[in-house]
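Input: a single structure, listed below in structure tokens.
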Amino acid sequence: MSVSTAATVSVRVLLFASYAEVVGRQSLELSLPAPATVGALIRRLRELPGGAGLPERPLVAVNHAHARPDSPLSERDEIAILPPLAGG
Amino acid sequence: MSVSTAATVSVRVLLFASYAEVVGRQSLELSLPAPATVGALIRRLRELPGGAGLPERPLVAVNHAHARPDSPLSERDEIAILPPLAGG
Amino acid sequence: MSHLTTAPLELGRLVTRVSAPGRGGIACFLGVVRDQQGGRAVARLDYSAYEPMAEAECERIVTEARGRWNAEVALEHRLGRLEIGEAAVAIAAAAAHRDAAFAACRYAIEQVKQRVPIWKREEYVDGGVEWVNPQAVGRPDGPTAGVPEPATQTEWGV
Amino acid sequence: MSHLTTAPLELGRLVTRVSAPGRGGIACFLGVVRDQQGGRAVARLDYSAYEPMAEAECERIVTEARGRWNAEVALEHRLGRLEIGEAAVAIAAAAAHRDAAFAACRYAIEQVKQRVPIWKREEYVDGGVEWVNPQAVGRPDGPTAGVPEPATQTEWGV
């Protein structure tokens with residue numbers, strides 16, 4: 001459950017493929033101190049149970065577009081943590 | 001009609017597409033003094049009626065393979081004079 | 001236009017979609033499930049995707065090809081279970097001339113591999129199962145294959 | 001295997017012919033009759049060939065692609081009357097990976113244009129008729145188009 005105040009940013013996090021297996025879930029909601037970035041979110045995720053299996057710098061998408069560690073997060077963003085892509 | 005002796009080489013000549021229209025025929029037989037080359041054949045062709053419309057150095061094939069002006073001709077070779085290719 | 005489907009891909013349908021009287025060259029690509037991967041015999045595989053983002057990335061790739069080469073690109077990726085020999089991705093790129101068609105087709109497949117969030121779970125004849133990491137191909141690495149190293153694929157963004 | 005046909009080309013048939021379990025990449029090309037040439041509206045056209053040599057050259061191209069890229073290439077050129085939008089040439093090249101497939105496909109179409117004795121007679125909407133000289137494209141040259149200049153196409157042999 002996320003709690004949104006002026007001082008926090010609540011986002012939805014999606015995990016896929018091998019990352020969903022490593023962490024043991026496919027989605028969660030997180031609140032981070034504002035201003036929040038992708039990098040801060042990843043650090044938090046890696047502290048959660050199972051989160052240490054995630055790499056320090058995974059591929060991340062914010063609202064369906066590739067993002068960078070310093071990309072800012074906004075309230076209700078959809079953040080996807082993407083294992084190495086294998087399409088094609 | 002070709003006449004084959006030790007001193008001549010008789011070949012069949014094929015003309016295609018625009019060259020057949022320029023020369024007014026699609027095939028002919030020619031005898032050339034031996035030893036004969038592609039270049040000598042072209043010089044002879046350009047002296048025939050309508051032959052002046054052929055270029056000095058057309059594409060030429062001997063027995064279904066691209067040839068050069070100095071390629072030798074043998075008795076009964078099939079020589080094709082090829083307008084600029086436009087396949088594909 | 002959906003770029004993802006669980007149905008078998010049909011290249012002819014994509015060719016029809018990009019054809020037009022002014023387009024004289026159509027370059028296509030099919031990526032087909034091979035019978036082996038890193039020396040291991042593959043039995044079958046499953047593709048899965050982060051679907052809304054995969055659709056959006058495919059559409060961006062199509063738009064980029066149109067802008068760069070004035071080429072019309074149709075692009076489909078299959079999801080779900082595939083057998084050996086079935087096409088996983090199909091691309092058709094049409095342009096006035098062949099240089100642009102080939103360039104756009106090649107661009108599309110390279111960008112699909114780099115940017116579109118799709119994953120592949122391979123089942124091997126020996127009974128093993130792995131999430132495929134293209135960065136790890138050539139060094140078959142058993143059960144740890146599913147725990148990737150830090151991302152180098154697109155250096156965080158494209 | 002005949003490489004020349006008066007029937008409509010079907011890319012799917014060529015793809016089937018080159019497919020095999022170890023070949024993960026299939027690159028294809030279709031050359032399609034455009035609605036204009038050098039700014040002139042094309043109505044239709046006729047392809048003709050020096051058929052035994054055209055067959056032999058196509059087969060040599062296929063063999064060369066196999067040797068250089070370990071790629072299996074299927075290649076067909078249509079002859080006779082074609083309408084706008086119909087395919088004049090179809091190529092499918094399959095290899096273990098896409099680099100080789102694209103290289104073989106591109107090689108095949110370039111070599112077809114350079115080496116295979118095929119000619120194209122275009123009929124224009126304005127009533128004109130020309131034997132097409134690819135070397136002259138871009139300088140529409142009326143009735144003299146059929147009288148070519150000295151060959152530069154392959155410098156007498158390949």
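With respect to D:R17 and D:E76, a salt bridge is recorded, a charged nitrogen being found less than 4.0 Å from a carboxylate O. D:E122 and D:R40 are not joined by a salt bridge, as no carboxylate oxygen comes within less than 4.0 angstrom of a charged side-chain nitrogen.
Looking only at heavy-atom pairs under 4.5 Å with chain B, the residue among D:K120, D:H77, D:R121 that has the most is D:H77. No other option in D:M53, D:E110, D:R60 has as many heavy-atom pairs under 4.5 Å with chain B as D:M53. Considering only heavy-atom pairs separated by less than 4.5 Å from chain D, the leading option among B:S71, B:A61, B:A17 is B:A17. If you tally non-hydrogen atom pairs under 4.5 Å between each of D:P117, D:S48, D:A87 and chain B, the highest count goes to D:P117.
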Taking only distance into account, with no hydrogens and no angle test, what donor-acceptor pairs under 3.5 Å do side-chain atoms of residues 24-36 of chain D form with protein atoms, sequence neighbours excluded?
residue : atom : partner : partner atom : Å
D:R34   : NE   : C:G22   : O            : 3.2
D:R34   : NH1  : C:H97   : NE2          : 3.4
D:Q36   : OE1  : D:G39   : N            : 3.4

Determine all donor-acceptor pairs shorter than 3.5 Å in which one atom belongs to a side chain in residues 78-88 of chain B; sequence neighbours excluded.
residue : atom : partner : partner atom : Å
B:E78   : OE2  : B:H64   : NE2          : 3.2
B:E78   : OE2  : D:Y50   : OH           : 2.5

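Interface residue D:A49: only backbone heavy atoms are found under 4.5 Å from chain B.
The side-chain tip of D:R78 does not point at the ring of D:Y47 from less than 6.0 angstrom away and within 45° of straight on.
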